[in-house]
Amino acid sequence: MTEAAADITEDAFLGGQLRLKQKRSGHRAGHDAILLAAATEARAGDRVVDLGAGIGAAGLALARRVAGIHLSLVEIDPELAELACANATANAIAAEAIVLDVTADAQAFAASGLVPDSVDIVLTNPPFNDPARHRGSPDQARHVAHVATDETLDAWVHAARRILRSNGVLTLIWRADGIAEVLAALSRGFGSVSVLPVHGEAGRPAIRVLVRAIKGGRAPTRLLPGLMLNEESRVPNKKVTDILEGRAALPLS
């Protein structure tokens, strides 16, 4: 086995329905990506963009559940984009991988085929850890994938807003204590917001929020009943197990 091959693992997601190669070190796909995919609604024929796709876990999990979407996996790291492309091929999922900085300008997006008002669905798992409270990894790729700057969320929401059609849908996952940042970022151009708190276990504060917003939406913001990853006995929640194994979705509408 070569050194490069030894640095790659192949892991099963969705109860084995999706097998993904990823780097042994650096950012690794996990539950957040699968929950994001489960919370994203799409139909055959929709143009879907996964911003900051990494190895493609969220976008490919959505494509496994919803056949016939036109999927673009946007990732700044060429090595991860190459893995995302290979993962799509290995799982017989039609998808394009685009090497692009999510914070790039409209001209760069258009040059990659992502022109304004052209996309039906955006899903994204941006870097969201607060640098003031999170000790960044010495691994630069892992640090970039996990730690947000003051501009991260606004820039990623702006990119989604630019490429989405009117009434297009953005679904994102963020840390729960940053919900005020999410609502502020979405106040510019988005509405009809639904927020689902995700709790590590019953009786504990939420650790994540899954958020769905519509470009140009006008309905009031809705706070949905929380999702418990584990019961009070720390036994995995059956609903969550079904989601992670690909037997159920998690619609926010």
Side-chain angles (χ1 to χ4, degrees), residues 4-99 102 119-127 141-142 145-146 169-173 196 198 208 210 212 227 229-230 236-252:
D7 189 44
I8 300 295
T9 66
E10 182 174 301
D11 303 288
F13 293 82
L14 302 179
Q17 297 177 57
L18 191 67
R19 298 195 66 85
L20 302 176
K21 290 185 177 180
Q22 55 184 328
K23 296 176 74 171
R24 191 179 301 276
S25 60
H27 175 67
R28 289 177 58 81
H31 289 180
D32 283 0
I34 302 306
L35 290 174
L36 175 63
T40 302
E41 297 175 75
R43 298 176 297 181
D46 281 347
R47 188 174 189 197
V48 178
V49 175
D50 181 353
L51 290 180
I55 62 160
L60 295 175
L62 175 60
R64 176 59 78 224
R65 191 181 90 241
V66 183
I69 63 173
H70 303 285
L71 178 63
S72 297
L73 304 167
V74 174
E75 171 55 44
I76 190 173
D77 185 328
E79 289 185 52
L80 293 182
E82 184 177 353
L83 277 173
C85 185
N87 283 332
T89 300
N91 286 279
I93 294 172
E96 63 171 345
I98 299 172
V99 179
V102 174
V119 171
D120 300 294
I121 308 290
V122 171
L123 66 160
T124 186
N125 178 9
R142 190 178 182 91
H146 283 272
V169 178
L170 168 64
T171 308
L172 64 86
I173 189 167
L196 174 66
V198 179
R208 301 282 186 270
L210 286 159
R212 178 184 188 269
L227 177 71
L229 299 183
N230 296 288
N237 182 316
K238 183 180 185 304
K239 179 179 179 180
V240 173
T241 299
D242 286 344
I243 291 166
L244 296 177
E245 295 188 357
R247 295 190 296 269
L250 188 62
L252 303 188

> Got V169 and R212 here, is their nearest side-chain heavy-atom distance under 4.5 Å?
yes
> Could you give me the CA-CA distance, side-chain angles and deciding distance for N237 and N230, then say whether side-chain contact (heavy atoms from CB on, under 4.5 Å) is met?
CA-CA 5 Å; N237 182 316; N230 296 288; over 6 Å; no
> If you take all heavy atoms of T124 and L51, which pair is closest and at what distance?
OG1-O, 3.0 Å
> Are there more than 12 heavy atoms of other residues, nucleotides or ligands under 6.0 Å from atom CD of Q17?
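It does: Q17 CD has more than 12 such atoms within range.
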> Over all heavy atoms of both residues, which pair between A42 and V48 is shortest? Give the atoms and the distance, please.
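Closest heavy-atom pair between A42 and V48: CB-CG2, 4.4 Å.
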> Where do Q22 and L83 come nearest, in terms of heavy atoms and distance?
CA-CD1, 4.1 Å
> Are the side chains of L18 and I93 in contact, using a 4.5 Å heavy-atom criterion?
yes
> Where do V99 and A81 come nearest, in terms of heavy atoms and distance?
CG2-CB, 3.7 Å
> Which pair of non-hydrogen atoms, one from C85 and one from A97, has the smallest distance, and what is that distance?
CB-CB, 4.0 Å
> Measuring from atom CD of E79 to atom CD1 of I55, what distance do you get when rounded to the nearest 0.5 angstrom?
13.5 Å
> Mark yes or no for whether D120, through its side chain, and D46, through its backbone, hold a donor-acceptor pair below 3.5 Å.
no
> For side-chain contact (heavy atoms from CB on, under 4.5 Å), just list the numbers for L60 and L71, CA-CA rounded to whole Å, side-chain angles, deciding distance to a tenth of an Å, and then say yes or no.
CA-CA 8 Å; L60 295 175; L71 178 63; 4.0 Å; yes
> For L196 and L227, work out which heavy atoms get closest and say how close.
CD1-N, 4.1 Å
> Return the CG to CG distance between L244 and L35, rounded to the nearest 0.5 Å.
5.5 Å
> R28 versus T9: any side-chain heavy-atom pair under 4.5 Å?
yes
> Please report the interatomic distance OG1(T171) to CD(E41), rounded to the nearest 0.5 Å.
7.5 Å
> Measuring from S25:OG to I8:CD1, what's the distance to the nearest 0.5 Å?
8.5 Å
> Quick one: are L73 and I98 in side-chain contact, heavy atoms under 4.5 Å?
no
> Got a sec: does the CZ of R43 have more than 12 other heavy atoms crowding it under 6.0 Å?
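No, because the 6.0 Å sphere around CZ of R43 holds 12 heavy atoms or fewer from other groups.
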> Taking C-beta and beyond as the side chain, do L20 and E10 meet within less than 4.5 Å on heavy atoms?
no
> Any side-chain heavy atom of T40 sitting closer than 4.5 Å to one from I121?
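A side-chain contact under 4.5 Å exists here.
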> Once side chain to side chain donor-acceptor pair (under 3.5 Å) is applied, what residue pairs with a partner in residues 84-97 remain, sequence neighbours excluded?
S72-E96
> Is a salt bridge present between R19 and D11, judged by a nitrogen-to-oxygen distance below 4.0 Å?
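No salt bridge links R19 with D11.
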> Would you indicate whether the side-chain heavy atoms of L229 and V198 approach each other to under 4.5 Å?
yes
> Rounded to the nearest 0.5 Å, what's the gap from CD1 on I34 to CG on L250? Could you check?
12.5 Å
> Take I69 and L62 through the test side-chain contact (heavy atoms from CB on, under 4.5 Å) and record every step on the way to the result.
CA-CA 9 Å; I69 63 173; L62 175 60; 4.2 Å; yes
> Does any non-hydrogen side-chain atom of L14 lie less than 4.5 Å from one of R247?
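No. Closest side-chain heavy atoms not under 4.5 Å.
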> Mind checking the CG-CG spacing from L170 to L172? Nearest 0.5 Å is all I need.
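It comes to 5.0 Å.
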> Determine yes or no for a side-chain-to-main-chain donor-acceptor pair under 3.5 angstrom, with E75 supplying the side chain and G54 the backbone.
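Yes.
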